[in-house]
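Contents: one structure, followed by commentary.
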2 protein chains.
Amino acid sequence: MLRLMKKHTRPPVNEILIGDCIAHMNALPEGSVDMIFADPPYNLQLEGDLLRPNNSKVDAVDDDWDRFDSFATYDSFTRDWLSAAKRLLKSDGTLWVIGSYHNIFRVGAQLQDQGFWMLNDVVWRKTNPMPNFRGRRFCNAHETLIWCSRDKNSKYRFNYEAMKALNDDLQMRSDWLLPICTGRERLKVNGQKAHPTQKPESLLHRVILASTEVNDLILDPFFGSGTTGAVAKRLRRNFIGLERDAGYAKIAAERIAKVTAVDDPELVSTPAKRAQVRIPFGNLVERGILQPGTVLVDQRRRFSARVRADGTLTTGEAKGSIHQVGAHVQKAPTCNGWQFWYTEVKGALVPIDTLRQKIRAEAP
Amino acid sequence: MLRLMKKHTRPPVNEILIGDCIAHMNALPEGSVDMIFADPPYNLQLEGDLLRPNNSKVDAVDDDWDRFDSFATYDSFTRDWLSAAKRLLKSDGTLWVIGSYHNIFRVGAQLQDQGFWMLNDVVWRKTNPMPNFRGRRFCNAHETLIWCSRDKNSKYRFNYEAMKALNDDLQMRSDWLLPICTGRERLKVNGQKAHPTQKPESLLHRVILASTEVNDLILDPFFGSGTTGAVAKRLRRNFIGLERDAGYAKIAAERIAKVTAVDDPELVSTPAKRAQVRIPFGNLVERGILQPGTVLVDQRRRFSARVRADGTLTTGEAKGSIHQVGAHVQKAPTCNGWQFWYTEVKGALVPIDTLRQKIRAEAP
DNA sequence: AGTCGTTGTGAATCGGCGC
DNA sequence: GGCGCCGATTCACAACGAC
């Protein structure tokens with residue numbers, strides 16, 4: 001599962017590549033990745049062990065360090081990995097980045113400068129953050145994720161129904177309440193945490209479920225302890241992990257080896273309504289489910305129209321598709337005829353959409 | 001209350017200055033402002049109309065003041081008003097900026113570039129955001145505030161205890177749940193909203209209570225409908241509002257005129273613990289509240305020490321302040337002796353901090 | 001007076017496909 | 001690429017009117 005640098009014509013799948021992430025990304029084929037999740041190092045001010053793209057080490061922060069030089073170095077690093085990521089993404093692919101106030105504003109500005117198109121900023125609210133011990137600031141209880149498509153006009157994937165279902169049938173908001181990674185989920189080595197910033201699997205679960213489909217390829221350029229790979233495997237997605245530290249890569253590989261994929265792909269896929277087979281309204285007439293001449297009404301019986309043999313409706317004065325006639329009688333610009341029109345079955349009004357669903361159920 | 005441009009030697013207080021905010025800021029004296037709250041244009045970049053599922057049109061922010069040609073234009077505007085703001089701030093003053101994902105990353109990067117020091121990013125979670133009508137993204141349910149001091153080493157004000165009290169005696173977190181401005185609070189003109197982006201007073205209440213003291217001077221360079229001024233007046237702070245639109249300035253002035261300041265300054269001031277009179281532990285001994293020789297113990301009676309006449313403690317082997325000895329017995333680097341040590345009063349353990357509070361209550 | 005249903009609205013970067 | 005059509009899509013409140 002662990003590999004060193006190599007030029008690839010096809011992306012190596014479900015592997016961890018050890019080394020500098022930018023060099024690895026540049027060796028992978030253009031436009032080959034569906035989604036990227038990135039948890040880049042935070043700013044120099046805290047860590048001081050940032051590597052330049054060429055793997056040379058940035059001088060550690062000391063009393064003489066110049067803030068402007070440091071931000072410039074971090075910006076340069078950000079620019080480089082983001083442009084490599086953009087090259088790798090499919091045109092309809094999306095990118096997630098997570099960060100804190102130390103680095104996320106710089107990353108966000110770079111994203112916009114490079115033409116990524118922001119879809120949402122998402123706040124991970126921690127149920128159990130570390131308190132502010134000195135009482136000099138607000139408790140820093142969240143991190144920020146930015147979700148963006150490769151380009152402004154990308155037809156990106158968003159599994160709206162899956163997210164809505166996850167949230168008790170209310171549309172998912174941009175603020176997510178999830179615990180930090182603790183307890184048995186937290187990887188340990190000799191009783192010490194194996195990685196300082198291991199992300200919780202619940203966070204990746206939501207990210208992956210929201211923005212990918214089964215068998216999609218997910219890249220994580222800062223793989224660390226491999227949370228992205230573990231959740232990708234469980235949800236039957238493919239992944240590539242890039243990690244410069246061979247020790248972390250080994251821990252991640254061992255972790256992922258223990259993960260079992262959900263056995264049934266249907267359990268981890270939520271097909272969008274938009275992706276369902278299209279059934280023309282005329283099919284209902286052809287198949288005798290609705291006879292020509294049947295009278296359709298709206299829910300409050302304010303309007304009515306008759307079904308014609310060619311699958312159009314007529315009110316006498318107006319004629320056209322179920323959508324067009326629905327819009328016309330309401331004097332509205334548009335209308336979803338499937339939901340607007342009802343037919344009477346045994347004295348009760350039934351939306352014609354119910355009839356369509358029966359056809360779909362017969363021939364899946 | 002409304003004034004036009006003029007060069008000032010002292011800041012004009014509790015007034016609204018009409019005109020370009022940068023010119024006004026440059027005409028105000030350097031280092032004269034305690035806190036700045038800024039709600040700059042978000043640069044939303046909207047294109048077509050958006051319809052709700054019921055075909056009604058969303059009343060979007062399409063005002064001229066929110067339109068910028070490019071990110072470069074927006075960045076230049078941001079750079080200019082931030083540098084003017086920095087000049088105006090006292091060296092220990094703080095700046096708040098609010099924004100959405102459209103602009104906040106650019107503003108945040110600029111703040112860092114100009115040497116402001118970030119203290120927190122704060123998320124305003126809306127209880128009642130506008131939904132995402134097309135189901136194409138997560139519901140955009142929050143906005144982001146950045147709170148920063150003028151410089152890295154500023155001794156900024158943070159009313160920790162006031163924030164903790166506001167949050168049921170739990171440390172205030174960086175995610176705030178507050179409703180948007182609706183109902184009677186929302187200013188209307190002829191039944192239409194008077195300003196497209198009026199902020200709720202609850203948000204400013206928290207911002208002002210967190211970071212200012214009674215009689216402080218607060219500047220709002222994008223005054224709009226004057227929420228900052230209204231809340232500042234009620235909480236007995238002073239304000240300067242800058243607004244380029246004379247119509248908005250008039251509405252704000254009328255609004256603020258109706259606000260009544262809280263009558264008792266004590267109700268809106270929360271002196272920090274560290275601003276309270278310092279009581280040396282020795283005072284308790286001098287005043288006979290604790291006799292030399294009294295045995296202090298920790299809450300679980302694992303450790304004990306005896307009080308000496310000079311206000312130090314001794315365990316026999318170690319001797320020093322209540323803090324030093326507390327740290328020593330625990331083998332901890334530091335210890336707050338006031339909270340660590342207890343004395344027995346009528347069979348019950350009482351923290352020595354309680355004794356200190358009694359002294360403070362006697363002579364306030 | 002109180003309850004219940006209807007209507008309105010909020011800083012919004014809010015389609016996809018075939019011809 | 002442009003155009004036209006199909007058809008998918010909303011939550012929390014406040015205000016108001018009906019009963």
Side-chain angles (χ1 to χ4, degrees), chain A residues 92 112 116-121 147-149 152-158 160-161 164 167-174 272-276 278-282 300 311-312 320-324 326-327 333-341 352-353 356, chain B residues 39-63 65-68 71 98-104 124-144 177 179-186 188 191-193 195-200 222 224:
Chain A
D92 293 340
Q112 293 178 315
F116 287 95
W117 192 245
M118 284 194 190
L119 301 169
N120 283 106
D121 58 336
W147 181 43
C148 51
S149 58
K152 181 176 178 183
N153 296 312
S154 296
K155 292 173 184 148
Y156 59 90
R157 167 174 282 273
F158 176 53
Y160 177 76
E161 289 83 6
K164 189 170 177 175
N167 193 40
D168 278 343
D169 270 337
L170 286 180
Q171 77 177 194
M172 184 69 80
R173 297 168 42 115
S174 56
K273 275 191 187 168
R274 294 178 172 84
Q276 289 181 351
R278 208 178 78 85
I279 312 269
F281 177 69
R300 297 197 201 164
T312 58
S321 73
I322 53 173
H323 315 296
Q324 289 167 333
T334 65
C335 169
N336 182 338
W338 290 108
Q339 288 170 13
F340 180 73
W341 294 111
I352 58 175
D353 200 34
R356 178 171 65 161
Chain B
D39 182 11
Y42 287 8
N43 188 23
L44 286 187
Q45 307 174 63
L46 303 178
E47 293 181 353
D49 287 341
L50 177 62
L51 298 183
R52 304 165 196 272
N54 67 5
N55 280 322
S56 67
K57 198 174 136 190
V58 172
D59 183 13
V61 176
D62 54 2
D63 307 71
W65 49 256
D66 197 48
R67 272 200 278 272
F68 293 82
F71 283 134
I98 184 168
S100 69
Y101 66 87
H102 309 85
N103 71 321
I104 198 66
W124 168 29
R125 302 174 47 226
K126 304 179 183 183
T127 56
N128 47 349
M130 188 184 306
N132 185 294
F133 296 115
R134 308 301 295 264
R136 302 295 302 160
R137 304 180 176 191
F138 297 99
C139 170
N140 192 2
H142 74 276
E143 294 187 27
T144 301
L177 181 66
I180 61 176
C181 182
T182 59
R184 294 183 54 178
E185 188 186 324
R186 187 92 195 198
K188 298 278 173 69
Q192 302 287 80
K193 56 188 175 190
H195 190 280
T197 68
Q198 184 181 342
K199 294 290 174 290
F222 307 98

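Just so it is clear, the structure is predicted and the values come from calculations on it, not from any experiment. The chains referred to below are lettered A, B, ... by the order of the sequence lines, with proteins before strands, and numbering in each begins at 1.
Across all strands shown, B/Asp59 has heavy atoms under 4.0 Å from sugar-phosphate atoms exclusively, and none from any base. Contact annotation for B/Gly99: no contact, since no heavy-atom pair falls under 4.0 Å across all strands. Nucleic acid contact for A/Gln339: base, since at least one base atom lies under 4.0 Å from a heavy atom of the residue. Residue contacts for B/Asp39: at a heavy-atom cut-off of 4.0 Å it reaches a base atom on one of the strands shown. In this structure, A/Glu161 reaches the sugar-phosphate backbone alone: every heavy-atom distance under 4.0 Å involves primed, P, OP1 or OP2 atoms, never a base. Among the protein residues, B/Cys181 comes within range of no part of the nucleic acid, since none of its heavy atoms lies under 4.0 Å from any strand. Among the protein residues, B/Trp124 comes within range of no part of the nucleic acid, since none of its heavy atoms lies under 4.0 Å from any strand. Contact annotation for B/Pro40: base contact, defined as any heavy-atom pair under 4.0 Å involving a base atom.
Between B/Asp66 and B/Pro196 there is no side-chain heavy-atom pair separated by less than 4.5 Å. By the 4.5 Å heavy-atom criterion applied to side chains, B/Cys181 and B/Lys199 are not counted as neighbours.
Considering only side-chain atoms of B/Ile180, the nucleotide from C/dA12, D/dG7, C/dA11 that sits closest is C/dA11.
Checking the phosphate oxygens (OP1, OP2) of C/dG5, no side-chain nitrogen or oxygen of A/Arg300 falls inside 4.0 Å. An OP1 or OP2 oxygen of D/dC6 is reached within less than 4.0 angstrom by a side-chain nitrogen or oxygen of A/Ser321. Here A/Arg278 does not reach the OP1 or OP2 of C/dC17: none of its side-chain N or O atoms lies under 4.0 Å away. At D/dG7, one or more side-chain N or O atoms of A/His323 fall inside 4.0 Å of OP1 or OP2 (strictly under the cut-off). Not one side-chain nitrogen or oxygen of A/Lys152 sits closer than 4.0 Å to the OP1 or OP2 atom of C/dT13.
Closest approach of A/Phe281 and A/Gly311 over heavy atoms only: CD2-O, 3.2 Å. Summarising the geometry of B/Thr197 relative to B/Arg186, their closest heavy-atom pair is N-NH2, 3.8 Å, with the distance given to 0.1 Å. Residues B/Asn103 and B/Ile98 share a closest heavy-atom pair of ND2-O, 4.5 Å. For the pair B/Val61 and B/Leu46, the tightest heavy-atom approach, listed with the atom from each and the gap, is O-CD1, 3.7 Å.
Taking atom P on both nucleotides, D/dT9 is separated from C/dA11 by 25 Å, rounded to a whole Å. C/dG8 and D/dT10 are spaced 13 Å apart, taking the C1' atom of each and rounding to whole Å. Separation of the C1' atoms belonging to D/dC6 and C/dA12 is 24 Å when rounded to the nearest angstrom. A gap of 15 Å separates the P atoms of D/dG1 and C/dG16, to the nearest Å. D/dC5 and C/dC14 are spaced 23 Å apart, taking the P atom of each and rounding to whole Å. C/dG10 and D/dG7: their C1' atoms are spaced 26 Å apart (whole Å).
No donor-acceptor contact under 3.5 Å links the side chain of B/Lys126 to the base of C/dA11.
If you measure from atom CG of B/Leu44 to atom P of C/dC14, you get 10 Å, rounded to the nearest angstrom. Across the protein-nucleic acid pair, A/Phe340 atom CZ and D/dA8 atom P stand 16 Å apart, rounded to whole Å. The CZ atom of B/Arg137 sits 6 Å away from the P atom of C/dT13 (whole-angstrom rounding). B/Lys57 places its NZ atom 13 Å from the P atom of C/dG10, with the value rounded to the nearest Å. Following rounding to the nearest Å, B/Lys199 (NZ) and C/dA11 (P) show an atom-to-atom distance of 7 Å. Atoms CD1 (A/Ile322) and C1' (D/dC5) sit 12 Å apart, rounded to a whole Å. In this structure, the CZ atom of B/Arg136 is 14 Å from the P atom of C/dT13, given to the nearest Å. Rounded to an integer number of Å, the gap from B/Leu50 CG to C/dG15 C1' is 12 Å.
With salt bridges taken as basic N to acidic carboxylate O contacts below 4.0 Å, one links B/Lys57 and B/Asp49.
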(request) Would you sort out whether B/Tyr42 and B/Trp65 count as a ring pair (Phe, Tyr, Trp, His ring centres under 6.0 Å), showing the intermediate values? (result) CA-CA 9 Å; B/Tyr42 287 8; B/Trp65 49 256; 8.7 Å; no
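The distance from the CZ atom of B/Phe138 to the OG atom of A/Ser174 is 9.0 Å, given to the nearest 0.5 Å. Distance OH/A/Tyr160 to CZ/B/Arg134: 11.5 Å, rounded to 0.5 Å.
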(request) Let me have a per-nucleotide readout for nucleotides 10-19 of chain D, 5' to 3', with B, S or -, counting only protein heavy atoms under 4.0 Å. (result) BBSSSS----
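You cannot call B/Tyr101 stacked on the base of C/dT13; the centres under 5.5 Å and planes under 30° rule is not satisfied.
Taking the nucleotide of DNA chain C with the nearest heavy atom to each of A/Met118 and B/Gly191, the more 5' of the two is matched to B/Gly191.
Remark: DNA chain C forms stems of 3 or more consecutive Watson-Crick or G-U wobble pairs, all pair distances under 3.5 Å, at C:2-10 with D:11-19, C:15-19 with D:2-6.
When ring centroids are compared, A/Trp147 and B/Tyr101 stay outside the 6.0 Å threshold.
The glycosidic torsion of D/dT10 lies more than 90° away from 0, placing the base in the anti range.
Under the 3.5 Å distance criterion, the side-chain polar atoms of A/Asn336 are matched with a main-chain donor or acceptor of A/Trp338.
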